[in-house]
Amino acid sequence: MKSILVTGGAGFIGANFVPYFAKKYPEYKVINLDKLTYAGNLDNLSDCADCANYQFVQGDICDRALIEKLFAENDIRGVIHFAAESHVDNSITGPKAFIETNIVGTFTLLDVARNAWMEAPHKVKAGYEDCRFHHISTDEVYGALGETGFFKETTPYDPSSPYSASKASSDMLVRAYHRTYGMNVTVSNCSNNYGPKQHPEKLIPKIISNALSGKNIPIYGDGKNVRDWLYVLDHCKAIDLIFHNGKSGETYNIGGHNERNNLQIVDAICSILDSKCPKKDGGSYKDLIVFVSDRPGHDRRYAIDATKLTTQLGWKADENFDTGIVKTVDWYLKKLKL
């Protein structure tokens with residue numbers, strides 16, 4: 001049985017990916033390594049309970065001794081690296097954790113994998129030719145766009161926050177290990193994810209939870225910051241494709257082609273909630289919207305060109321925003337038993 005190490009699999013995207021991946025590939029042993037910080041939740045992995053090929057390990061990707069032990073005991077043949085500190089506001093108030101996890105942690109994983117799989121630079125150990133390190137990153141490394149245009153894989157990096165700077169650094173480390181050592185690596189940069197299991201600090205679950213609790217719904221600035229929204233399971237399927245079929249050393253952008261500004265997001269969610277769970281006073285959840293001071297360095301617009309992924313690997317999103325947001329709201333209503 002081939003062992004695959006998934007890092008950060010108790011986080012939002014990882015906790016959607018791990019059950020999908022473990023059930024699709026029963027021939028793999030899927031080892032989920034997660035530190036279980038505030039953003040990790042084992043309840044989100046309850047659907048792995050019946051997966052005989054799944055194992056959870058609590059630990060830190062910066063702990064080299066632990067990573068080496070996992071590689072040695074399980075003969076790890078692939079790494080799918082989600083683990084990251086990812087909240088921009090938190091990176092502004094406390095950047096140190098982002099540097100440690102996103103940069104040092106990525107280096108630790110890369111270096112242990114290199115020693116396990118490679119005899120020397122550009123010389124792979126016999127039997128380890130198919131081992132791959134896939135690194136999940138973000139479109140935020142590219143900075144901001146104007147009113148038109150899209151991020152391509154060739155767009156120069158221009159990160160705006162400590163979070164995006166740390167992810168840009170980790171991307172560069174992964175590429176350097178490919179160029180210097182010949183490691184089999186791939187990188188993906190995705191747009192904003194949404195869907196089930198997302199931490200309540202993020203925009204969409206915060207809108208839903210605040211609305212249902214009768215609390216104000218805070219929107220930064222004028223609410224016209226634009227993001228390209230990607231349903232999380234579509235992202236998981238793209239990672240699967242890249243890990244198995246992507247070209248070594250290549251980067252692939254993953255986007256949903258669903259540009260929405262924050263006002264459109266909150267309006268859509270409130271309209272769904274007005275229909276599915278009407279307020280007792282007969283009013284609209286939109287009445288709870290308030291505008292708050294904008295985030296420092298808040299990028300105005302992101303949009304992804306995923307042409308390379310669709311033409312070279314055949315990926316296509318199954319959900320558009322209109323279908324995906326209904327599924328997302330339904331999941332939270334079910335979770336809250338409403």
Basic-acidic side-chain contact under 4.0 Å: Arg64, Asp111: yes
Smallest separation among heavy atoms of Lys308 and Thr251, with atom names: NZ-O, 2.8 Å
Heavy-atom side-chain proximity of Asp171 to Asn189 below 4.5 angstrom: yes
Sidechain-backbone polar pair: His122 side chain, Thr180 backbone, donor-acceptor under 3.5 Å: yes
Sidechain-backbone polar pair: Asp305 side chain, Thr307 backbone, donor-acceptor under 3.5 Å: yes
Minimum heavy-atom distance between Cys48 and Tyr54, given as atom pair plus value: CB-CD2, 3.7 Å
Asp234 side-chain N/O to Glu319 backbone N/O, donor-acceptor pair under 3.5 Å: yes
Trp229 side chain vs Gly324 backbone, donor-acceptor pair below 3.5 Å: no
Geometric class of the Tyr181/Tyr177 ring pair [parallel <30°, tilted 30-60°, perpendicular >60°]: tilted
From CA spacing to verdict: side chain to side chain donor-acceptor pair (under 3.5 Å), Tyr332, Gln198: CA-CA 10 Å; Tyr332 282 100; Gln198 192 166 23; 4.9 Å; no
Contact summary for His178 and Ser248, nearest pair of heavy atoms: CE1-OG, 3.4 Å
Tyr128 six-ring face occupied by Arg77 cation (under 6.0 Å, within 45°): yes
Side chain to side chain donor-acceptor pair (under 3.5 Å) between Ser3 and Asp75, intermediate numbers included: CA-CA 7 Å; Ser3 293; Asp75 191 21; over 6 Å; no
Lys197 to Phe12 six-membered ring, cation-pi geometry met (6.0 Å, 45°): no
Within 6.0 Å of CZ in Arg300, more than 12 heavy atoms from elsewhere: yes
Asp60 side chain vs Cys62 backbone, donor-acceptor pair below 3.5 Å: yes
Ala211 versus Tyr285, closest heavy-atom pair with distance: O-CE2, 3.3 Å
Asn32 side-chain N/O to Gly9 backbone N/O, donor-acceptor pair under 3.5 Å: yes
Salt-bridge criterion met for Lys69 and Asp63 (N-O under 4.0 Å): no
Approximate separation, where rounding is to 0.5 Å, of Thr106 OG1 and Asn102 CG: 6.5 Å
Heavy-atom closest contact (Cys277 atom, Leu212 atom, distance): SG-CD2, 4.1 Å
Lys35 atom NZ, neighbour heavy-atom count above 12 within 6.0 Å: no
Side chain Lys125, main chain Ala116, donor-acceptor under 3.5 Å: yes
Parallel, tilted or perpendicular: rings of Tyr302 and Phe151 (30°, 60°): tilted
Val329 to Ile208 - nearest heavy-atom pair and separation: CG2-CD1, 4.0 Å
Ring center gap for His135 and Tyr252 short of 6.0 angstrom: no
Enclosure of Asp130 CG (heavy-atom neighbours >12, cutoff 6.0 Å): no
Salt bridge (charged side-chain N to carboxylate O under 4.0 Å, His left out) assessment of Lys279 paired with Asp281: CA-CA 5 Å; Lys279 289 179 69 179; Asp281 64 7; 3.8 Å; yes
Partner of Lys167 by side chain to side chain contact (heavy atoms under 4.5 Å, CB included), out of Ser164, Ser170, Ser169: Ser170
Verdict with reasoning, Tyr142 to Tyr157, per ring-ring contact (aromatic ring centres under 6.0 Å, His included): CA-CA 4 Å; Tyr142 297 122; Tyr157 277 23; 5.5 Å; yes
Distance (rounded to the nearest 0.5 Å) between Ile289 CD1 and Asn210 CG: 11.5 Å
Aromatic plane relationship, His257 with Phe150 - under 30° parallel, 30 to 60° tilted, over 60° perpendicular: perpendicular
Side-chain H-bond candidate by donor/acceptor type, Ser284 with Asp274, under 3.5 Å: yes
Intermediate values then yes/no, salt bridge (charged side-chain N to carboxylate O under 4.0 Å, His left out), Arg301 and Glu259: CA-CA 9 Å; Arg301 175 176 173 263; Glu259 287 187 56; 2.9 Å; yes
Gln55-Lys29 side chain donor-acceptor pair, cut-off 3.5 Å: yes
Flag, side chain of Asn184 to backbone of Cys131, donor-acceptor distance under 3.5 Å: yes
Atom pair CZ (Phe71) and CG (Leu66), whose distance is rounded to the nearest 0.5 Å: 11.0 Å
Mutual orientation of the aromatic rings belonging to Phe321 and Tyr194 [parallel < 30°, tilted 30-60°, perpendicular > 60°]: tilted
Ser271/Lys286 under side chain to side chain donor-acceptor pair (under 3.5 Å): CA gap, chis, key distance, verdict: CA-CA 8 Å; Ser271 294; Lys286 296 174 189 177; 3.2 Å; yes
CD1-CG distance between Ile13 and Leu230, expressed to the nearest 0.5 angstrom: 8.0 Å
Val6 side chain reached by Leu33 side chain, heavy atoms, under 4.5 Å: no
Under 3.5 Å: donor-acceptor pair, side chain of Gln264, backbone of Asn262: no
Trace of the side chain to side chain contact (heavy atoms under 4.5 Å, CB included) decision for Met1 with Tyr28: CA-CA 6 Å; Met1 183 175 279; Tyr28 291 167; 5.5 Å; no
Validation row: Leu5, Leu109 side chains within 4.5 angstrom (heavy atoms): yes
Working for salt bridge (charged side-chain N to carboxylate O under 4.0 Å, His left out), residues Arg260 and Asp322: CA-CA 11 Å; Arg260 299 288 191 283; Asp322 293 335; 3.6 Å; yes
From Ile254 atom CD1 to Thr310 atom OG1, the distance as rounded to the nearest 0.5 Å: 11.5 Å
Ring centroid separation Tyr220 to His298 under 6.0 Å: yes
Neighbour count above 12 (heavy atom, 6.0 Å) for Glu147 CD: no
Near-ring test His235/Phe17, centroid separation under 6.0 angstrom: no
Nearest-0.5 Å distance, CD1 of residue Ile4 to NE2 of residue His134: 12.5 Å
Pair Asp240-Tyr20, side-chain donor/acceptor within less than 3.5 Å: yes
Candidate pair Lys276 and Asp330, rule salt bridge (charged side-chain N to carboxylate O under 4.0 Å, His left out), full reasoning: CA-CA 9 Å; Lys276 291 179 175 287; Asp330 284 344; 3.1 Å; yes
Flag, side chain of Asn192 to backbone of Asp228, donor-acceptor distance under 3.5 Å: no
